[in-house]
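What follows is a single structure, written as structure tokens, with notes after it.
Numbers for residues simply follow the sequence, beginning at 1.
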Amino acid sequence: MNAVAEFQEESRTLVMTEDELIDVLQSSLYPGAALSSIKMVISYCKAAALDPMQKPVHIVPMWDKNSKSMRDVIMPGVGLYRTQAARSNALAGIGEPEFGPDVDFELDGTRFRAPEWCRVTVERILPNGTLGKFFAKEFWIENYATAGKDSSQPNTMWRKRPRGQLAKCAEAQALRRAFPEMTGSAPTADEMEGKALDVHATLPQETTQKPAPRPEIGMCTPERFEHNKAAWRELILTKKKTPDQLIAQIETKGKLSEYQKLTIDSWNHEND
């Protein structure tokens with residue numbers, strides 16, 4: 001048997017059944033997790049073409065305000081955001097976290113000392129080849145996880161690692177801003193830990209009439225974008241409009257793709 005055949009045979013022996021995969025995940029990567037939560041992890045990874053053995057997502061116990069009970073929710077980790085950004089071949093770097101001054105917080109009559117804020121910069125190579133910088137500044141008081149649903153004190157991790165936990169939240173936000181087409185808008189496990197989940201939010205009872213449906217707006221075609229590109233670029237370069245203002249104006253007639261939005265944003269950096 002040659003080397004290739006031996007490798008193929010060995011690979012076949014390493015393929016696990018779903019029951020075996022569940023056993024591995026439940027006993028090592030997610031010890032103590034409920035079977036239903038493990039199955040949610042596998043389903044999430046299948047849908048997103050992720051390897052569950054790399055633990056790209058976390059099982060986060062959250063308080064459901066509607067059912068008045070705890071439930072497990074599957075959420076991405078900041079590590080998954082990093083992986084997705086790296087695979088794009090456009091990630092140019094993630095800066096070291098910058099921290100604000102240490103301040104005292106009094107929560108439930110107990111004092112805690114932590115950095116007021118953390119700022120992280122993510123650099124991305126834009127479509128025109130220039131370097132775009134995306135910043136996120138997150139505050140400790142707005143992000144920390146509580147010790148329980150009836151407590152305002154930080155949990156053990158946020159008490160021991162106030163900088164490390166806050167840095168992950170700031171980095172996740174910066175990565176979302178730099179790579180919106182890859183990370184989406186889903187928060188990470190670190191950002192949602194200790195937060196309450198409201199999955200059945202309803203409209204106020206006084207709302208009796210549904211608003212009229214808005215007409216569907218199609219996409220801005222590549223042909224339209226190229227036809228108007230020079231004029232739109234001139235608006236940015238002459239400071240007559242900001243990228244956000246221009247994008248909002250264009251999208252009244254057609255939705256822009258993420259690539260088109262990044263192209264518009266890149267014009268703002270041509271004079272840097």
Side-chain angles (χ1 to χ4, degrees), residues 11-87 107-108 110 112 138 140-173 175-176 179 182-202:
S11 297
R12 278 194 290 271
T13 64
L14 293 176
V15 175
M16 291 185 288
T17 65
E18 184 165 305
D19 286 342
E20 290 172 331
L21 177 59
I22 289 173
D23 184 60
V24 171
L25 295 177
Q26 202 169 26
S27 62
S28 58
L29 296 181
Y30 302 97
L35 176 61
S36 58
S37 299
I38 297 294
K39 288 184 175 180
M40 282 197 296
V41 168
I42 294 173
S43 297
Y44 185 109
C45 291
K46 280 183 179 178
L50 301 170
D51 181 0
M53 294 298 291
Q54 293 185 356
K55 200 176 182 180
V57 296
H58 299 270
I59 300 173
V60 184
M62 299 188 69
W63 176 254
D64 186 340
K65 294 190 295 186
N66 300 283
S67 65
K68 306 297 182 185
S69 62
M70 297 297 291
R71 57 176 290 189
D72 284 346
V73 179
I74 307 303
M75 291 187 171
V78 68
L80 177 57
Y81 280 7
R82 294 175 189 141
T83 299
Q84 290 170 322
R87 286 176 178 172
L107 303 167
D108 281 351
T110 303
F112 300 94
E138 292 294 320
W140 187 90
I141 194 66
E142 296 175 351
N143 284 275
Y144 82 96
T146 61
K149 65 181 182 68
D150 297 320
S151 171
S152 63
Q153 293 191 18
N155 67 10
T156 302
M157 187 64 74
W158 278 84
R159 191 177 307 189
K160 288 183 176 179
R161 302 184 69 253
R163 284 178 170 76
Q165 294 299 103
L166 184 58
K168 286 193 285 187
C169 294
E171 183 181 344
Q173 182 71 287
L175 284 166
R176 271 197 299 273
F179 296 91
M182 304 199 72
T183 58
S185 59
T188 62
D190 299 288
E191 294 171 286
M192 289 303 293
E193 184 184 1
K195 309 293 191 301
L197 183 68
D198 190 359
V199 293
H200 303 298
T202 56

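Within the 4.5 Å cutoff, no side-chain heavy atoms of Ser37 are placed close to those of Tyr30. Contact annotation: the side chain of Leu25 approaches that of Met53 to within less than 4.5 Å [non-hydrogen atoms, C-beta and beyond]. Side-chain contact between Asn155 and Tyr144 is absent, with no heavy-atom pair separated by less than 4.5 Å. Side-chain contact between Ile141 and Phe112: absent, with no pair of heavy atoms (C-beta onward) separated by less than 4.5 Å. Between Trp158 and Trp140 there is a side-chain heavy-atom pair separated by less than 4.5 Å.
Between Lys160 atom NZ and Gln165 atom CD the span is 11.5 Å, to the nearest 0.5 Å. Note that the CE atom of Met40 and the CD1 atom of Ile42 stand 11.5 Å from one another [nearest 0.5 Å]. Glu18 CD to Lys46 NZ: the interatomic distance, rounded to the nearest 0.5 Å, is 4.5 Å. Distance CG/Leu80 to NE2/His58: 9.0 Å, rounded to 0.5 Å. Between the CG atom in Leu35 and the CD1 atom in Ile22 there is a gap of 5.5 Å [rounded to 0.5 Å]. Rounding to the nearest 0.5 Å places CZ of Arg159 at 5.5 Å from CD of Gln153.
For Gln26 (side chain) and Ala33 (main-chain N/O), a donor-acceptor pair under 3.5 Å exists by modelled atom type.
In this structure, Pro76 and Val57 approach most closely via the heavy-atom pair CA-CG1, 4.0 Å. For the residue pair Thr146 and Ser151, the shortest heavy atom distance occurs at CB-O, 3.3 Å. Across all their heavy atoms, Pro56 and Asp51 have their closest contact at CD-O, 3.4 Å. The two residues Thr188 and Val78 have their closest heavy-atom pair at CG2-N, 4.0 Å. Nearest heavy atoms, Pro52 versus Leu29: O-CD1, 3.6 Å. Nearest heavy-atom pair, Cys169 versus Asn143, reported as atom, atom and distance to 0.1 Å: CB-OD1, 3.7 Å.
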